[in-house]
Amino acid sequence: MKYHNIVKASFLERPNRFIAYVDMAGRKETVHVKNTGRCAELLVEHADVYLEKSSNPARATAYDLVAVEKNGRMINMDSQAPNRAVEEWLYKKLLFPDLSLVRPETRYGSSRFDFYIEAGDRKIFMEVKGVTLETENVVLFPDAPSERAVRHVEELIAAKKEGYEAYLLFVVQMQGVDYFTPNRATHPAFAEALQKAKEAGVRILAYDCLVEAEGMELHNPVKVRLEEEAFGKNLPEAKRKLRKGCLEDISKPLLKWYDSNRRVLPWREEPTPYRVWVSEIMLQQTRVEAVKPYFERFMEALPDVESLAGAPEEALLKLWEGLGYYNRARNLQEAARQIMTEYNGEMPSEYEELCRLKGIGSYTAGAIASIAFGKRVPAVDGNVLRVVSRICRRDEDILLPKVKKRMEEELLLALPDRPGDFNQAMMEIGAMVCIPNGTPHCERCPLADICMAKADGVQAEYPKKSSKKKRRIEEKTVLVIQDENKAALHRRPQKGLLAGMYEFPTIEGHKTAEEVQSWLEERGLKILRIVPLQEAKHIFTHKEWHMRGYMVRVDELAPKNERLLQEDWIFAGAAETEEKYPVPSAFAAYTGYLNIRLGNEKHLTKESR
């Protein structure tokens, strides 16, 4: 939010809540104070204050006092500014990415909340409180007893019980504070109301602001401490104490661990937007060690967005051969073409713009924005879901989209000044320490003292997941057909599973040798020999292929066989297949019969020569 016609003055005195006297270029001027709170710690004699000149010449006071400097820190004290700044910030969709409606000043029963919000199927009430009282770099609210503030909190609790989501947002009208806590000394009833609200499920947030004389905007999350000892004589001890299950307390021990234990990975050592993007797509459903050689070859062949956008599809899929989930590669190329046409070849830096690119969801957008561009957005993948579930001992099903979305919102508030490192540290600790499918290494976890599941000895019971649907079994008969010089390959359809990849000719169902011979003879092939091969199994996300194989020797694979050409058969030698045609790893059990090496195996063999 912005002001207009700002002038600087020196504060003299405040005779009542509504006006103040200031020295303006040697002239005593009466100004309107846009805050009826006491603000005694701010409005001290000779403090530098900032005034906005009114556009109404008929007003009794020509200026509004909107900001003040305190010990070199600019503090906005305009009581209307928090709501204006929050409305602008909400429309940036940082807190609610699927925001569809923001309605200010909305009545609910006998209450009137600052905002009613809709995001997806969520209905949300939000109350906003401006905070200007700061002591020892801690901010407090209220600065005077406020029964109205207590009533607002109680009304949010009631809305929550009625099925709405409820948020209380404290807008700290300055920057660089340590944390927010309720002012128990001034109004203990408000502190008690906040604690009840938290227990009832009301989300209590605080954000600091970038404050200038000309305006104010929300900036970074501020820690919220509701415990009684958060402010007072034991302040240093309270700062050191880690609270179990509190995500806001994890950044310091986590980043200290990460700085000493992080793995050296090629995309980390040079985290350009393109390299981070490609690595994150490759790492989906794939182990880090498996990805590393693929990533290096990919960067050598397609070093930038432009080369990726223009690569022939078969060359791209050949680079991807063995990584699986081949639609990732196609989406990668489609997104590269979007970047070339819509962003002049430059990767967008904003989370919302990244989410518009093909194949990029909330996790990948968060990873690119935070790691490559330093943006304060979370990146929540399976590792992070598992870590948070154990730290907070969450009984929710982590496979539900709403659970992931809520964790993203909570981690947004916990992000420190190193968001990219924080996100990578969360992934790293999930991959190396807080592991799945086994006993986590709690003895070397920097978050062990915060973890609620560890404290209760139930870490192996988390995270909670709904059981997956049983995979559908499909039976296949795979034919390794060759003549003296070449073997037969079949190109799969351009849509569907393994689209556009090359496979050995395959028949649905398990066939006998006699059925195979009949099937091939219908296609004009003269069979010399059929030999059974090993059976094999390949697992996809939602299905399993149970394969029966045959080695088939034919008299000749004629390139002029019209039926085979119509069915997208090609004929190639082993060397040509290795170099040119992408064959999915689903057929790895049978490529060895023709000395065809797939993906990484091919490159490892070359390097060992």
Side-chain angles (χ1 to χ4, degrees), residues 1-4 34-36 64 66 76 78-131 141-142 146-173 180 190 193-194 196-198 200-210 215-222 224 350-353 355-356 362 376-377 401-402 404-406 408-410 412-413:
M1 51 139 306
K2 293 292 184 183
Y3 297 112
H4 304 283
K34 294 192 73 174
N35 189 318
T36 57
D64 291 312
V66 295
N76 182 292
D78 177 356
S79 59
Q80 297 174 10
N83 281 35
R84 290 171 59 190
V86 167
E87 185 169 9
E88 291 178 0
W89 176 74
L90 285 171
Y91 279 115
K92 293 180 180 179
K93 299 187 177 182
L94 297 175
L95 186 60
F96 305 115
D98 51 352
L99 179 80
S100 58
L101 174 68
V102 176
R103 185 188 302 146
E105 293 293 324
T106 299
R107 183 169 294 281
Y108 169 72
S110 60
S111 310
R112 183 180 292 275
F113 291 118
D114 289 322
F115 293 101
Y116 170 73
I117 300 161
E118 291 184 359
D121 59 355
R122 302 163 66 190
K123 300 181 186 301
I124 306 156
F125 282 114
M126 177 179 284
E127 186 68 18
V128 175
K129 301 295 181 188
V131 182
F141 181 92
S146 174
E147 294 303 325
R148 184 167 177 264
V150 172
R151 187 171 67 254
H152 285 162
V153 175
E154 292 171 345
E155 290 164 348
L156 284 172
I157 295 173
K160 176 66 178 174
K161 290 179 179 178
E162 289 292 325
Y164 292 90
E165 291 187 45
Y167 281 70
L168 179 56
L169 175 56
F170 291 97
V171 176
V172 179
Q173 294 172 249
F180 164 85
F190 180 75
L194 279 191
K196 290 178 182 177
K198 180 181 178 181
V202 176
R203 295 288 306 282
I204 301 172
L205 315 179
Y207 273 75
D208 72 2
C209 293
L210 293 174
M216 180 180 85
E217 64 179 76
L218 265 70
H219 188 224
N220 287 332
V222 171
V224 174
E350 297 300 327
Y351 173 86
E352 295 80 7
E353 295 296 313
C355 284
R356 292 184 59 245
S362 62
R376 295 180 62 87
V377 289
K402 66 180 183 181
K404 180 182 178 185
K405 186 178 291 290
R406 184 156 53 246
E408 288 172 341
E409 293 173 3
E410 293 172 356
L412 175 64
L413 305 177

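Note that the structure is a prediction, hence the values are computed from the model and not measured.
Looking only at side-chain heavy atoms (C-beta outward), Glu87 and Pro104 come within less than 4.5 Å of each other. Val171 is not listed as a side-chain neighbour of Val131, based on a closest heavy-atom distance of 4.5 Å or more. For the pair Leu169 and Leu95, the minimum side-chain heavy-atom distance is 4.5 Å or more.
Arg203 has a carboxylate O that lies under 4.0 Å from a charged side-chain N of Glu409, or vice versa, which qualifies the two as a salt bridge. Using a cut-off of 4.0 Å between Lys/Arg side-chain N and Asp/Glu carboxylate O, Arg356 and Glu353 are scored as salt-bridged.
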Practice item. Mind running side-chain contact (heavy atoms from CB on, under 4.5 Å) on Cys209 and His219 for me, showing each step along the way? Key: CA-CA 5 Å; Cys209 293; His219 188 224; 5.6 Å; no

Practice item. Go through the steps for Val202 and Tyr167 under the test side-chain contact (heavy atoms from CB on, under 4.5 Å), then give the verdict. Key: CA-CA 6 Å; Val202 176; Tyr167 281 70; 6.0 Å; no

Practice item. For side-chain contact (heavy atoms from CB on, under 4.5 Å), just list the numbers for Lys92 and Glu217, CA-CA rounded to whole Å, side-chain angles, deciding distance to a tenth of an Å, and then say yes or no. Key: CA-CA 12 Å; Lys92 293 180 180 179; Glu217 64 179 76; 3.9 Å; yes

Practice item. Give the C-alpha distance, both sets of side-chain angles, the deciding distance and a yes or no for side-chain contact (heavy atoms from CB on, under 4.5 Å) between Phe125 and Lys123. Key: CA-CA 7 Å; Phe125 282 114; Lys123 300 181 186 301; over 6 Å; no

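Tyr3 and Asp64 share no side-chain donor-acceptor pair at under 3.5 Å. Using modelled atom types and a 3.5 Å distance limit, the side chains of Asn83 and Asp114 yield a donor-acceptor pair.
Taking CZ from Phe180 and CD1 from Ile204, the interatomic distance works out to 8.5 Å, rounded to the nearest 0.5 Å. The OG atom of Ser146 sits 8.0 Å away from the NE2 atom of His152 when rounded to the nearest 0.5 Å.
Checked against side chain to side chain donor-acceptor pair (under 3.5 Å), Arg84 has no partners two or more places apart in sequence or in another chain. By the salt bridge (charged side-chain N to carboxylate O under 4.0 Å, His left out) test, Glu127 is found to be paired with Lys129, residues two or more places apart in sequence or in another chain being considered.
Exactly one of Thr106, Leu99, Leu101 qualifies for a side-chain contact (heavy atoms from CB on, under 4.5 Å) with Ile117. That residue is Leu99.
Across all non-hydrogen atoms, the minimal contact from Lys93 to Glu352 is O-OE2, 3.8 Å. Counting all heavy atoms, side chain and backbone alike, Phe96 lies closest to Ala119 at CB-CB, 4.0 Å.
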